K.L.:
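Mind looking over this structure? Questions follow.
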Amino acid sequence: MAREKPRKALLQLLQRAGNQLCADCAAPDPDWASHTLGVFICLNCSGIHRNIPQVSKVKSVRLDSWDDVQVEFMAANGNNVAKARYESKIPPFYYKPTFPDCQLLREQWIRAKYERKEFIYTEKQEPYSAGYREGLLWKRGRDNGQFLSRKFVLSEREGALKYFNKNDAKEPKAIMKIEHLNATFQPSKIGNPHGLQITYLKDNSTRNIFVYHEDGKETVDWFNAIRAARFHYLQVAFPGASDVDLVPKLSRNYLKEGYMEKTGPKQTEGFKKRWFTMDDRRLMYFKDPLDAFARGEVFIGSKENSYKVLEGLPPSTQGNHWQYGITIVTPDRKFLFACETESDQQEWITAFQKVISRPMLPQEYAVEAHFKHKP
């Protein structure tokens, strides 16, 4: 009975506003807590808290013993109080991860909040908010697949991210305009827990580079520095827009990635297995997931502009090894794809429908007009 009273009090505290979601990743129904920080957290985040024992000590709400002093501390604090304290000065561009995000983003967010106190002391935000950043990152070579150390420079004043093949090189190997820059964490694809995929447009085609840093904080600081540069660029480009309008445009994860089979424009060639990436309205396909350039890109417009997605393939189709077909209809032609499983097929159809059901923006008409449908 001695253990029941504190547990009952804690379960009541979980019903309070703010405590029904994990304080760090917003996962529902947290059943762990940090009794030194006064926050209720999920099982996954509790594992990260265990790695900073000098700051946070965790217990299970349901399984561990609690004393009255610890319960009173939880009652006096809770998630909303902690948020007001530890998240009081988050820059609008800073990426706040949620439970679907990768381990690295969630770990560095927790360390930034409670260990480094970056959102209490704004001077600690300098690595990603100064408007300029340079340093070394391991970059995957385009041809041989080896990761080599390269110098990167991000300059808001120049409106570009650049990298150099040698530290003392005068000219950059590539100049990536902030206007077209995107960054997304891809640990599984790159095969490194700190793996970051950076994309930009070159001659209206997407170019990928894959990088990482051994120090997770460095990788996340680069990611947020890119978001900061994009934020300040968009503030100038759209002076009337609010932060709420701009923040979703700073970086984006892909709607869907994976293997499908495709055939050529005449639909008489055999189907070939390719890696596909759905990046907003651009459907790109690659021979290998880590290729620098897409073999081809397809623009996916809206239903108002005669784009549609159909389940299955035309009856006369031949040559596909995989049975679960998808037909994309555009004003110019049909694109035929085949998936290995029905669940893959349904996920791709959902991703296509999400884009097709959204009306096109004025700037997207310009993209469509310049788009090259590659066979």
Side-chain angles (χ1 to χ4, degrees), residues 26 98-102 180 182 184-186 188-189 197 199 201 204-206 208 244-245 247-265 267 271-286 289 294-317 319-375:
T98 55
F99 58 93
D101 281 304
C102 68
H180 301 303
N182 186 45
T184 180
F185 278 92
Q186 295 273 20
S188 299
K189 188 170 164 183
Q197 179 174 347
T199 61
L201 289 183
N204 203 40
S205 291
T206 304
N208 298 320
V244 175
D245 294 328
V247 167
K249 297 180 171 64
L250 302 187
S251 63
R252 60 193 181 275
N253 295 326
Y254 301 131
L255 294 174
K256 172 86 176 135
E257 283 195 293
Y259 283 107
M260 290 193 289
E261 293 181 332
K262 68 167 288 293
T263 186
Q267 297 166 10
F271 277 72
K272 292 178 181 175
K273 181 180 170 183
R274 294 289 182 257
W275 177 266
F276 282 82
T277 297
M278 187 75 196
D279 183 9
D280 199 33
R281 291 195 184 275
R282 288 176 181 260
L283 177 66
M284 299 168 280
Y285 55 91
F286 306 83
R295 291 295 182 98
E297 302 188 43
V298 180
F299 182 86
I300 310 291
S302 66
K303 60 186 177 185
E304 292 88 354
N305 298 83
S306 304
Y307 289 83
K308 59 184 173 182
V309 56
L310 305 172
E311 186 175 317
L313 298 169
S316 58
T317 307
N320 51 308
H321 304 96
W322 291 346
Q323 301 309 306
Y324 299 95
I326 299 173
T327 302
I328 297 282
V329 181
T330 77
D332 300 327
R333 56 170 276 204
K334 291 178 180 177
F335 292 87
L336 308 184
F337 309 110
C339 301
E340 187 174 16
T341 66
E342 187 177 5
S343 62
D344 261 358
Q345 177 200 44
Q346 294 306 313
E347 285 174 16
W348 276 110
I349 287 173
T350 300
F352 291 138
Q353 285 176 335
K354 186 175 178 181
V355 172
I356 287 170
S357 64
R358 196 178 74 221
M360 281 169 59
L361 300 170
Q363 58 266 37
E364 290 174 333
Y365 283 98
V367 175
E368 181 188 41
H370 290 101
F371 219 86
K372 301 181 181 76
H373 289 305
K374 298 177 185 177

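Quick note: residue numbers are just sequence positions, from 1. As the structure is a computational prediction, the values presented were derived from the model and not from experiment.
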K.L.:
Can you list the residues that meet the side-chain hydrogen bond (donor to acceptor under 3.5 Å, both in side chains) rule with Gln353, with sequence neighbours excluded?
P.N.:
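If we apply the side-chain hydrogen bond (donor to acceptor under 3.5 Å, both in side chains) test to Gln353, skipping adjacent residues, there are no hits.
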K.L.:
Excluding sequence neighbours, so at least two apart, what forms side chain to side chain contact (heavy atoms under 4.5 Å, CB included) with Asn253?
P.N.:
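Listed in chain order: Tyr95, Asp101, Thr184.
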K.L.:
Identify, with sequence neighbours excluded, every residue that meets ring-ring contact (aromatic ring centres under 6.0 Å, His included) alongside Trp322.
P.N.:
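Partners of Trp322 under the ring-ring contact (aromatic ring centres under 6.0 Å, His included) test: none.
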K.L.:
Run the side chain to side chain contact (heavy atoms under 4.5 Å, CB included) test against Phe99 and tell me which residues pass, sequence neighbours left out.
P.N.:
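Result, side chain to side chain contact (heavy atoms under 4.5 Å, CB included) vs Phe99: Cys25, Ala27, Pro28.
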K.L.:
Kindly write out the residues that satisfy side-chain hydrogen bond (donor to acceptor under 3.5 Å, both in side chains) with Glu257, not counting sequence neighbours, or none if the list is empty.
P.N.:
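Gln186, Lys189, Trp275, Thr277.
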K.L.:
Return the minimal non-hydrogen interatomic distance between Leu313 and Ile326, and the atom names on each side.
P.N.:
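Residues Leu313 and Ile326, closest heavy atoms: CD2-O, 3.7 Å.
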K.L.:
Taking salt bridge (charged side-chain N to carboxylate O under 4.0 Å, His left out) as the cut-off, I'd like each qualifying pair that reaches into residues 350-360, sequence neighbours left out, listed once.
P.N.:
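Checked against salt bridge (charged side-chain N to carboxylate O under 4.0 Å, His left out) - neighbours excluded - the pairs reaching residues 350-360 are Asp280-Arg358, Arg358-Glu364.
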K.L.:
My understanding is that only residues two or more places apart in sequence, or in another chain, count here; which of them pass ring-ring contact (aromatic ring centres under 6.0 Å, His included) with Phe276?
P.N.:
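Phe276 satisfies ring-ring contact (aromatic ring centres under 6.0 Å, His included) with Tyr285, Phe337 once adjacent residues are dropped.
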K.L.:
What residues form a salt bridge (Lys or Arg N to Asp or Glu O under 4.0 Å) with Glu311, not counting sequence neighbours?
P.N.:
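Residues passing salt bridge (Lys or Arg N to Asp or Glu O under 4.0 Å) with Glu311: none at all.
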K.L.:
Can you name the nearest heavy-atom pair linking Ser205 to Glu297, along with the distance?
P.N.:
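The pair with the smallest heavy-atom distance is CA-OE2, 3.3 Å.
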K.L.:
Check whether Thr327 reaches the backbone of Gly312 with its side chain - one donor and one acceptor, N or O, closer than 3.5 Å.
P.N.:
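Yes.
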K.L.:
With a sphere of 6.0 Å drawn around NZ of Lys272, does it hold more than 12 non-hydrogen atoms of other residues, nucleotides or ligands?
P.N.:
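No, not enclosed.
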K.L.:
Mind checking what makes ring-ring contact (aromatic ring centres under 6.0 Å, His included) contact with Phe352, not counting sequence neighbours?
P.N.:
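Scan of Phe352 (ring-ring contact (aromatic ring centres under 6.0 Å, His included), adjacent residues dropped) gives Trp348.
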K.L.:
Got a donor-acceptor contact below 3.5 angstrom from the Arg252 side chain to the Asp279 backbone?
P.N.:
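Side chain of Arg252 to backbone of Asp279, a donor-acceptor pair under 3.5 Å: no, none is there.
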K.L.:
Tell me if a side-chain donor or acceptor on Arg281 pairs with a main-chain N or O of Gly301 at a distance below 3.5 Å.
P.N.:
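Looks like yes, one N/O pair under 3.5 Å.
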K.L.:
To the closest 0.5 Å, what do you measure between NZ (Lys256) and CD (Glu347)?
P.N.:
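It comes to 4.0 Å.
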K.L.:
Among all residues two or more places apart in sequence or in another chain, which pass the side chain to side chain contact (heavy atoms under 4.5 Å, CB included) test with Ser251?
P.N.:
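Once residues adjacent in sequence are excluded, the partners of Ser251 under the side chain to side chain contact (heavy atoms under 4.5 Å, CB included) criterion are Asn182, Phe223, Arg227.
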K.L.:
Please identify each residue that fulfils side-chain hydrogen bond (donor to acceptor under 3.5 Å, both in side chains) with Tyr254, with sequence neighbours left out.
P.N.:
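side-chain hydrogen bond (donor to acceptor under 3.5 Å, both in side chains) check on Tyr254 returns Gln197.
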K.L.:
Identify, with sequence neighbours excluded, every residue that meets side-chain hydrogen bond (donor to acceptor under 3.5 Å, both in side chains) alongside Asn320.
P.N.:
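side-chain hydrogen bond (donor to acceptor under 3.5 Å, both in side chains) check on Asn320 returns nothing, list empty.
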